[in-house]
Protein chains: 2
Amino acid sequence: MRRDTFQAIADPTRREILNMISAQPLNVNTVAGNFEISRTAVYKHLKILTECGLIKVKQHGRERYCEARLEKLAEVADWLEQYKKFWNSKLDNLEIYLKDIQSEEDNNDRRHQRY
Amino acid sequence: MRRDTFQAIADPTRREILNMISAQPLNVNTVAGNFEISRTAVYKHLKILTECGLIKVKQHGRERYCEARLEKLAEVADWLEQYKKFWNSKLDNLEIYLKDIQSEEDNNDRRHQRY
DNA sequence: AAGTTGCACAACCAAAAGGTTACATTTAAA
DNA sequence: TTTAAATGTAACCTTTTGGTTGTGCAACTT
């Protein structure tokens, strides 16, 4: 089975889990308690997230705390990077501006040809 | 069936299709010709991308040109935004810096507390 | 007009995804 | 030392996913 970051965040439950533990680590039952689905189902999502490196688990007695490793999301951000020029938020445009400064100096018409 | 941007980009073939047509629109057969899998399989991926709004199709005679609508990816970028503080690329840090300028003026120690 | 090209889609299939219940195990608490 | 809590996991089920082959039709070419 595929097991990468893109696939991991494709599921809304998994995105919610990540959001839930982004502030502070939570144990398995606490995470599961916040969903309608069974503990086992949530556990499977946690397992997938762990296998993708988006979660690290730390044992405390009989409890296991799930800690988000959101650096892993940089992989997705990097992929998006190349396409940012296709939409516009103020900050995104700033990035593009900074990246293009050099090439614009070489060829002032380039942006008009490409965008 | 779920049909959102996150699910759309979860598949590597679909990401490759987006990349392929990001430069210029291509017709169905041209896209399909770049993959090992059948034309029908590629067509299904194109259909999913269309249903998600990541592609617009324009008819020219008997050919249909698939045009990438990458603005749709902003949805994913927006979701990532909240987590950017967890990793560091130079530009990402620039964003955070610019966003925090105002509050830093109010409280010079804030960045040290948070990051 | 006849043939060819480009595309949509039905029908089918195997595997993966997402869920369930039931049971086993480890560790804390009474 | 029983009992209860927290977790792991096996076995099973249904739906979705990603793929196939085959058919049909519309629109260019010759």
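Keep in mind it's a predicted model, so treat the numbers as computed, not measured.
Two residues, A:Gly61 and A:Arg3, neighbour DNA chain C, and the one matched to the more 5' nucleotide by heavy-atom proximity is A:Arg3. Two residues, B:Asn29 and A:Arg14, neighbour DNA chain C, and the one matched to the more 5' nucleotide by heavy-atom proximity is B:Asn29. Projected onto DNA chain D by closest heavy-atom contact, A:Arg64 and A:Lys44 fall at different nucleotides, the more 5' of which corresponds to A:Arg64.
Summarising the geometry, the separation between CZ on A:Arg39 and P on C:dC23 is reported as 14 Å, rounded to the nearest angstrom. One interatomic measurement links the two molecules: NE2 of A:His45 to P of D:dG8, which rounds to 16 Å at whole-angstrom precision. Rounded to an integer number of Å, the gap from A:Tyr43 OH to D:dA11 C1' is 16 Å. Here D:dT14 presents its P atom at 19 Å from CD1 of A:Ile37, a figure rounded to the nearest Å. With rounding to whole Å, A:Gln59 atom CD is found 17 Å from C:dT25 atom P. Atom CD1 of A:Ile17 and atom C1' of C:dG18 are 12 Å apart (whole Å). One can place CD of A:Gln7 at 12 Å from P of C:dA16, the figure rounded to the nearest angstrom. Distance CG (A:Leu46) to P (D:dG8): 9 Å, rounded to an integer number of Å.
Comment: A:Glu51 engages A:Arg3 in a salt bridge, judged by a side-chain N to carboxylate O separation of less than 4.0 angstrom.
Side chain A:Thr40 to base D:dT9: a donor-acceptor pair is found below 3.5 Å. For a distance-only test at 3.5 Å, the side chain of B:Arg62 qualifies as a donor-acceptor partner of the base of C:dT5.
Ring geometry for A:Tyr83 versus A:Trp79: interplanar angle over 60°, hence perpendicular rather than tilted (30 to 60°).
At distances below 3.5 Å, not a single donor-acceptor pair connects side-chain atoms of B:Arg39 with backbone N or O atoms of B:Ala32.
Side-chain contact, B:Glu63 with B:Tyr65: a donor N or O sits under 3.5 Å from an acceptor N or O.
Within a 6.0 Å sphere centred on CD of A:Gln59, other residues, nucleotides and ligands contribute more than 12 heavy atoms.
Applying the 4.0 Å criterion to OP1 and OP2 of C:dA28, one finds that A:His60 has every side-chain N and O outside that range.
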